[in-house]
Amino acid sequence: MNSINGKDLLAIGYQQSKILGLALEVIGKYYQEAEYETVLALMKDLLEKPEAFLDHEILEDLATKMIEEAKEIDETIFLNNTAKEFAVYGSAHIAEGALTQMRTAMRLPVTVGGALMPDAHQGYGLPIGGVLATKNGVIPYGVGVDIGCRMALSIFDITEEDFFHTPDTYKRELIAHTRFGAGHGYHGKDRTEHAVLDRNEFNMTPFIKTLKDKAWSQLGTSGGGNHFVEWGIIEFAADDQPLNIPKGKYLALLSHSGSRGMGATIAGYYTRLAKELCKLPKEAANLAYLDMNTQAGQEYWLAMNLAGDYASACHDVIHNKLAKAIGGKLLAKVENHHNFAWKESWNGEEVIVHRKGATPAGKGVMGIIPGSMTAPGFLVRGKGEEMAINSASHGAGRQMSRTSAIQHITQQEMQAILQANGVTLIGAGLDEAPMAYKDINVVMEAQKDLVDIVAKFSPKVVRMADDGSTED
DNA sequence: ATGTAC
């Protein structure tokens, strides 16, 4: 009667895995009466050459599982044991979850650098507010679901006085020319034409082709969540030469939205493909990447860029409609995306820089960092800080989860803060209340080495998606 | 963030 146990199997080379348990089970069931040495030799043969046991009446099943497991292990891409160093800005206000996620990202074999912005919080795969530079690999979840999500700012030659003279006109036009809510689009003659719809990439693959019609329908819409379109007053404390805008206050239109259903579908499709092609250990599974030298990597890159240009077109449509409606002369327009991947030079090498909720802030690059529906947003100019991989935050960042905000903030508090700041709000739930966000001034202070403030934008008429915006 | 369904 043999007495083979787990230790014996480990000693002849078995690994601590489900195979070990199955092997012991088989031994107990079929080889209870056999000689210890004979069984051990048999198990050793099986381990060395499972393919020779595929017709074995007892060990067939175990042999099959061993071959499967070997293949899984063979395909697994291992993380480096130590995480590369990364700069953290405003660490006092960043939760541990975001740091943990960033450390995992810094262990990927393709990672060359990273940084965490002061509005960082836990996300899916790479944290929101995370910047990751890789070599030849693009991570769909390093870009995020809302590919190409961006800010767009139009500054008009309309004075603060002009605006306050007829605020209701601006409110009416904002309602007339924007559309919010998940799934919502324009239909029939309400659809807008745009050159982005004629892009060749829409014919690239059968999959991409299926996205075109909905993309057309949703062109010029804003979606839900933290997206908004708002009128506000922008104040330049000094003349700005590059923008050619004299010191003073102007009416401005600020919008925040992305690539709608199209980008979300692309993100889902290529994340799934990346996970099939790039098997990472469980803690890094959502950081699956596509090799830029493969068909899949190239396809994602083109689809991501198409989604980015589509997001830009959405802002274009909104700004064009509203500019026409109010009849003001455009003094300047600034736009930046903050969920995207770029080919950039960093630390002397060509890398893929993923910014997932981070504003590009290369030297002289203009960007917009919003505060909240009542707190100011800032027009900024990047300082090109290498440690931050030429990036800055994409907003104030949440300090309360959506659920917590809905539970703890009252309608009265919301009304009071809107009134105190002279803000008219259309739509939005308590989850977007100003108190749910960090203090933007603290966030700006934490990134003063990353960007210079060019102008301050104060929201006045804000539109967001209604609570429960999935209804028609 | 999206808008459908491991």
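The chains referred to below are lettered A, B, ... by the order of the sequence lines, with proteins before strands, and numbering in each begins at 1.
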Would you indicate, yes or no, if [N] has its OP1 or OP2 atom less than 4.0 angstrom from a side-chain nitrogen or oxygen of [X]?
X	N	value
A/Lys214	B/dG3	yes
A/His184	B/dG3	no
A/Arg260	B/dA1	no
A/Gln218	B/dT2	no

Please name all residues satisfying salt bridge (charged side-chain N to carboxylate O under 4.0 Å, His left out) with [X], sequence neighbours left out, ordered by chain then number.
X	value
A/Lys275	none
A/Arg402	A/Asp431, A/Glu432
A/Lys135	A/Glu349

Nearest whole angstrom, please: distance from the [atom2] of [N] to the [atom1] of [X].
X	N	atom1	atom2	answer
A/Arg272	B/dA5	CZ	P	12 Å
A/Tyr124	B/dT2	OH	P	17 Å
A/Asn226	B/dT2	CG	C1'	13 Å

Tell me, please, which residues at least two apart from [X] pass side-chain hydrogen bond (donor to acceptor under 3.5 Å, both in side chains).
X	value
A/Glu68	none
A/Arg355	A/Glu344, A/Ser391
A/His121	none
A/His338	A/His256

Consider only side-chain N and O atoms of A/Gln218 and A/Tyr310, and report whether a donor and an acceptor are under 3.5 Å apart.
->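 No pair is found: no donor N or O on one side chain lies under 3.5 Å from an acceptor on the other.
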When you measure from every atom of DNA chain B, which of residues 274-282 of chain A have a heavy atom less than 4.0 Å away?
->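 Residues of residues 274-282 of chain A that come under 4.0 Å of DNA chain B do not exist, since none gets that close.
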Tell me, which of residues 139-152 of chain A have any heavy atom that sits under 4.0 Å from an atom in DNA chain B?
->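 Residues of residues 139-152 of chain A that come under 4.0 Å of DNA chain B are, in numerical order, A/Val145, A/Asp146.
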